[in-house]
Amino acid sequence: MEESSDRELILGFKPQKEIIYNKLLPYKDDVDLDSNADLAEIKCQLGRAVQLRDIKVGAGHWSSQLSRYIRLYGLKFSKEDHVHFIHLLYELVVLPDLELSVVNKVANILSTLLKKKKLLTRADLTLQWRPLYKLLDGVTYSTYQQHGLLLEPANIVAALEALVRNCRCYFPLECTQEMLDEWRPLLCPFDVTVIKGLQYLELFLPTHHDPEHMDKGFRLWFQELIDMWDSFHNSPSWEKFLVSLMARLAHNNIGYIDWTPYVSKVFTRLLRLFNLPVGSSRGQVSIGNPMKVDVQPFITWIVSMMGNETIVQEHIDQLFKALHNFYHPSNLGQWNIKLSSLLMNFPKVFVRRINRERYRKPMWMKPIPDSHKLTDAEITRFVEAMKSTVLMNMFSKYGSQDSSIALRHLSTMRPELIVPPLLEMMYPAMETLIEPHRLIACMNCVVSVARSMLNSGKWYPEGRLHVLPLLNLSLPGIDPNDFKKCLVTFQMISTFISLVPIVDCSEAIHVRSDLTEEEKELCSATAQFEDFVLQFVDRVFALVENSAQEHVHGNQEALNPEQLIVEKALASCFTSVLQQCSTPIFMVGELFPSPASPPYYSSAPHLYSW
């Protein structure tokens, strides 16, 4: 609070959101003077351009200067100026017959101003929805554009839709009924107009309402639309809009809606989405075209329904038991893409909810009730439900990238459940030389859980003891005959080394008397760092020597892409190791000979001509 008041005295106003790194600049004392001068000029010239009706040139130029100011200084203006900027640009973007190139530019700047919801409450700002609807409808369903009579910017529709998403929480309270009056006549399931109606409802309907105002919000349309979704089981083309709307409603109203009657229906629709073959006749568990609906809204919907010991977790357990065999590496089909998306995004959305409940600062929007917050037992059960499936999917023919992302999020929540089985698979893979695919997959996944393995002193304190064995076992992976394995090895060494300083702490057990047995064992193990560094340097120099090419003559284009990537990876990894070394280990063995006796590679233009 004291720092905030000091900034207010220096600037003359309380800034909304500054870029914190500007205070680290060498000329930080001049930054405030420059920003205040730029802001004053922008406010003056932008207002003057609008008064003179110079919209295309003058207002367009100074809007660009405002965007540049935000990139340089952040939202470094007062709340009053913030609201005035939004109102001014909003009136510009909805001007009738304004050139679409200017609309596109102003809409992007306005989205930037509205992105930080925590800075402005609904009491500070109110925006009307109908001008935005008329603008978007005129652009999306223009009769001139399809005949070539109107040239639209390539991303104008995406920019306007993003603007609507940023504006909708500031729409007035009575807007929900107005939207229903406008688009409800279009909701005939057997007419093509239903697509337009549901698309606008999904885009415009606000779902952030305080408990006392919910009767004027989603309760006006929830039962009608959920019944409409439940009545059609043939995967209609408009289903994706309803699923997206319900997922957003559930996300913004956790603990305020009873989803129990719909839980089993949601999981049934999700299972149909994968179009899985079942039975001896290889029949498809789907009707229609389920590929039109994305997995992400279903995941958001399911995670938002969890809490308060609901039956959702039981359905999650059953879901992954049913899908377990389809994640086997020998199972290939069109369903693999959506199954991988489910595996990758499910833990990510779950982690975001935990962050929202436990770590994010409270905002003006309604909080999640304590009764519906996720407990430690629910987190543990969720991780256990996904663990075996993720570990099986590591060796998929599509690669281990999706599994590594899932393991990273799962290990963030419960490292003691994820890291030990992963290491049990890792050590045998590193000790054999005939299964490179298995080794590369394991190394990719171990790299993804490195931070959780080393930083989780509370949940998995013994994780730090595995660093040196893993580093020593990874050295044979520096192999000039296998570029892919070599790259993954460099990535693994760089990741672990960047998290652990290479310092010999073995003497600490004789100096400190307050160390635990585990800490003593860890300190004793650091005596191996010196041997690791020397072996690593030997391996790198052997790689350089074995990768030499004749008749290159410094022509970088003579190298193939694999060689170029390995060259950059080697330089990055070697630099990381040397930077993390303590001075005694750095100087051991005189890694760098004196200038009087230059090494044999000193005149080489790059690594592959050494």
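Fair warning: this is a prediction, and the values are worked out from it, not measured in the lab. The basis for the numbers below is simple: all heavy atoms, side chains too, and nothing from hydrogens, waters or symmetry mates.
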Q: List the residues meeting ring-ring contact (aromatic ring centres under 6.0 Å, His included) with F395, not counting sequence neighbours, and say none if there are none.
A: none
Q: Answer whether the closest heavy-atom distance between the side chains of L339 and L323 falls below 4.5 Å.
A: yes
Q: Between R353 (side chain only) and M306 (backbone N and O only), is there a donor and an acceptor less than 3.5 Å apart?
A: yes
Q: side-chain contact (heavy atoms from CB on, under 4.5 Å) for V446 and F496? Distances and angles first, verdict last.
A: CA-CA 10 Å; V446 166; F496 277 108; 3.8 Å; yes
Q: Angle between ring planes, F382 versus F346, binned at 30° and 60°: parallel, tilted or perpendicular?
A: tilted
Q: Is it true that K76 and E18 have a side-chain N and a carboxylate O under 4.0 angstrom from each other?
A: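 Yes.
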Q: Side chains of S111 and N108 only: does a donor on one sit below 3.5 Å from an acceptor on the other?
A: no
Q: Where the side chain of R122 meets the backbone of L173, is there a donor-acceptor pair that is under 3.5 Å apart?
A: no
Q: Let me confirm one number: the OG1-CZ distance from T300 to R352, rounded to the nearest 0.5 Å.
A: 8.5 Å
Q: Report yes or no: does N22 contribute a side-chain atom to a donor-acceptor pair with the main-chain N or O of L72 at less than 3.5 Å?
A: yes
Q: State whether the side chain of S244 and the backbone N or O of F241 hold a donor-acceptor pair below 3.5 Å, judged by distance alone.
A: no
Q: Just checking, is any N or O donor in the side chain of Y256 or H209 under 3.5 Å from an acceptor N or O on the other one?
A: no
Q: Could you pull out the closest heavy-atom pair between M246 and L225, with the gap in Å?
A: CE-CB, 3.7 Å
Q: Can you tell me how the ring of F326 sits relative to the ring of W335, calling it parallel under 30°, perpendicular over 60° and tilted otherwise?
A: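 Because their plane-to-plane angle is over 60°, the rings of F326 and W335 count as perpendicular.
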Q: Would S67 and R71 count as having a side-chain donor-acceptor pair, cut-off 3.5 Å?
A: yes
Q: Do other residues, nucleotides or ligands put more than 12 heavy atoms under 6.0 Å from the NZ atom of K17?
A: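 Check fails, neighbour count at 12 or below.
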Q: For L135 and V93, work out which heavy atoms get closest and say how close.
A: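 Looks like CD2-O, 3.4 Å.
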Q: Checking I86 against L120 for the side-chain contact (heavy atoms from CB on, under 4.5 Å) test, could you report, in this order, the C-alpha distance in whole Å, the side-chain angles of both residues, the deciding distance, and whether it holds?
A: CA-CA 11 Å; I86 291 173; L120 294 174; 3.4 Å; yes
Q: Using a strict threshold of under 4.0 Å (side-chain N to carboxylate O), is an ion pair present between D370 and K373?
A: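 Judged by the 4.0 Å cut-off on N to carboxylate O distance, K373 and D370 do form a salt bridge.
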Q: Give the minimum heavy-atom separation between Q334 and N275, together with the two atoms involved.
A: NE2-ND2, 2.9 Å
Q: Heavy-atom count check: over 12 atoms from other residues, nucleotides or ligands less than 6.0 Å from I19 CD1?
A: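 Counting other residues, nucleotides and ligands, CD1 of I19 exceeds 12 neighbours.
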Q: Give the minimum heavy-atom separation between V349 and Q296, together with the two atoms involved.
A: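 Minimum heavy-atom separation between V349 and Q296: CG2-NE2, 3.4 Å.
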Q: Does any non-hydrogen side-chain atom of K348 lie less than 4.5 Å from one of I299?
A: no
Q: Does some side-chain heavy atom of L245 sit less than 4.5 Å from a side-chain heavy atom of W221?
A: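 W221 vs L245: side chains touch.
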Q: Is it true that a side-chain atom of R272 and a backbone atom of S235 form a donor plus acceptor pair closer than 3.5 Å?
A: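 Flag not set: sc R272 to bb S235 has no pair under 3.5 Å.
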Q: So how far is it from L119 CG to K79 NZ, rounded to the nearest 0.5 Å?
A: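 So the CG of L119 and the NZ of K79 are separated by 8.5 Å.
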Q: Rounded to the nearest 0.5 Å, what separates atom CG in N166 from atom CD in E161?
A: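 Spacing of CG (N166) from CD (E161) equals 12.0 Å.
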Q: Are L136 and L203 side-chain neighbours, meaning at least one heavy-atom pair lies under 4.5 Å?
A: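 Of all side-chain heavy-atom pairs linking L203 with L136, at least one is under 4.5 Å.
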Q: Keeping the roles fixed (side chain from H328, backbone from H324), state whether a donor-acceptor pair exists under 3.5 Å.
A: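 No: the side chain of H328 does not pair with the backbone of H324.
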Q: With rounding to the nearest 0.5 angstrom, report the CD to CG distance, E357 to N355.
A: 10.0 Å
Q: Assign the ring pair F222 / F218 to parallel, tilted or perpendicular, where the plane angle (0 to 90°) is split at 30° and 60°.
A: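 Perpendicular: the ring planes of F222 and F218 meet at over 60°.
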Q: In terms of heavy-atom contacts, does OH of Y141 have more than 12 from other residues, nucleotides or ligands at under 6.0 Å?
A: yes
Q: Once you round to the nearest 0.5 Å, how far does NE2 of H372 lie from OG of S304?
A: 12.0 Å
Q: Checking the side chain of N253 only, and the main-chain atoms of T207 only, is there a donor and an acceptor separated by less than 3.5 Å?
A: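 Such a contact is found between N253 side chain and T207 backbone.
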Q: Within 45 degrees of the axis of the six-membered ring of W229 and under 6.0 Å from its centre: does R269 put its NZ or CZ there?
A: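 Relative to the ring axis of W229, which defines the angle, R269 lies inside both limits.
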Q: Within the 4.5 Å heavy-atom criterion, are M179 and L205 side-chain neighbours or not?
A: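 In short, these two side chains touch, coming nearer than 4.5 Å.
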Q: Hey, are D181 and R130 close enough for a salt bridge, meaning a charged N less than 4.0 Å from a carboxylate O?
A: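 Judged by the 4.0 Å cut-off on N to carboxylate O distance, D181 and R130 do not form a salt bridge.
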Q: Using side-chain heavy atoms (C-beta onward) and a distance below 4.5 Å, is S452 in contact with R408?
A: no
Q: Without swapping roles, check the side chain of H82 against the backbone of L113 for a donor-acceptor pair under 3.5 Å.
A: yes
Q: Keeping the roles fixed (side chain from R414, backbone from E384), state whether a donor-acceptor pair exists under 3.5 Å.
A: no
Q: Can you label the angle between the Y262 ring and the W259 ring as parallel, tilted or perpendicular, going by 30° and 60°?
A: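 Perpendicular.
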Q: Between L198, I195, V192, V194, which is the residue that forms a side-chain contact (heavy atoms from CB on, under 4.5 Å) with S237?
A: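 The option that passes is I195.
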Q: Considering residues, nucleotides and ligands other than E378, do more than 12 of their heavy atoms fall under 6.0 Å from its CD?
A: yes
Q: Between CD1 of I254 and NE2 of H251, what distance do you get to the nearest 0.5 Å?
A: 6.5 Å
Q: Assess the residue pair N393 and S403 against the criterion (side-chain hydrogen bond (donor to acceptor under 3.5 Å, both in side chains)); give the C-alpha distance rounded to whole Å, side-chain angles, the decisive distance to 0.1 Å, and a yes or no.
A: CA-CA 6 Å; N393 193 62; S403 293; 3.0 Å; yes
Q: Could you tell me whether the side chain of F267 reaches within less than 4.5 Å of the side chain of Q318, counting heavy atoms only?
A: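 They are not in contact (no side-chain heavy atoms under 4.5 Å apart), so the answer is no.
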Q: Please give me the minimum heavy-atom distance between P415 and P420, naming the atom from each residue.
A: O-CD, 3.5 Å
Q: Start with the C-alpha distance between M453 and L423, add both sets of side-chain angles, then the distance that settles side-chain contact (heavy atoms from CB on, under 4.5 Å), and finish with yes or no.
A: CA-CA 10 Å; M453 186 171 71; L423 292 177; 4.2 Å; yes
Q: Determine the sole option in Y170, W183, Y90, Y200 for which the ring pair (Phe, Tyr, Trp, His ring centres under 6.0 Å) test with W129 is passed.
A: W183
Q: Could you please spell out the steps behind the side-chain contact (heavy atoms from CB on, under 4.5 Å) verdict for F204 and L132?
A: CA-CA 9 Å; F204 279 85; L132 274 180; 4.2 Å; yes
Q: Shortest non-hydrogen contact from R248 to L201?
A: NH2-O, 4.3 Å
Q: So, do V243 and D294 sit near enough that their side-chain heavy atoms are less than 4.5 Å apart?
A: no
Q: Ignoring hydrogens and geometry, is there a side-chain-to-backbone donor-acceptor pair from Y327 to F320 under 3.5 Å?
A: no
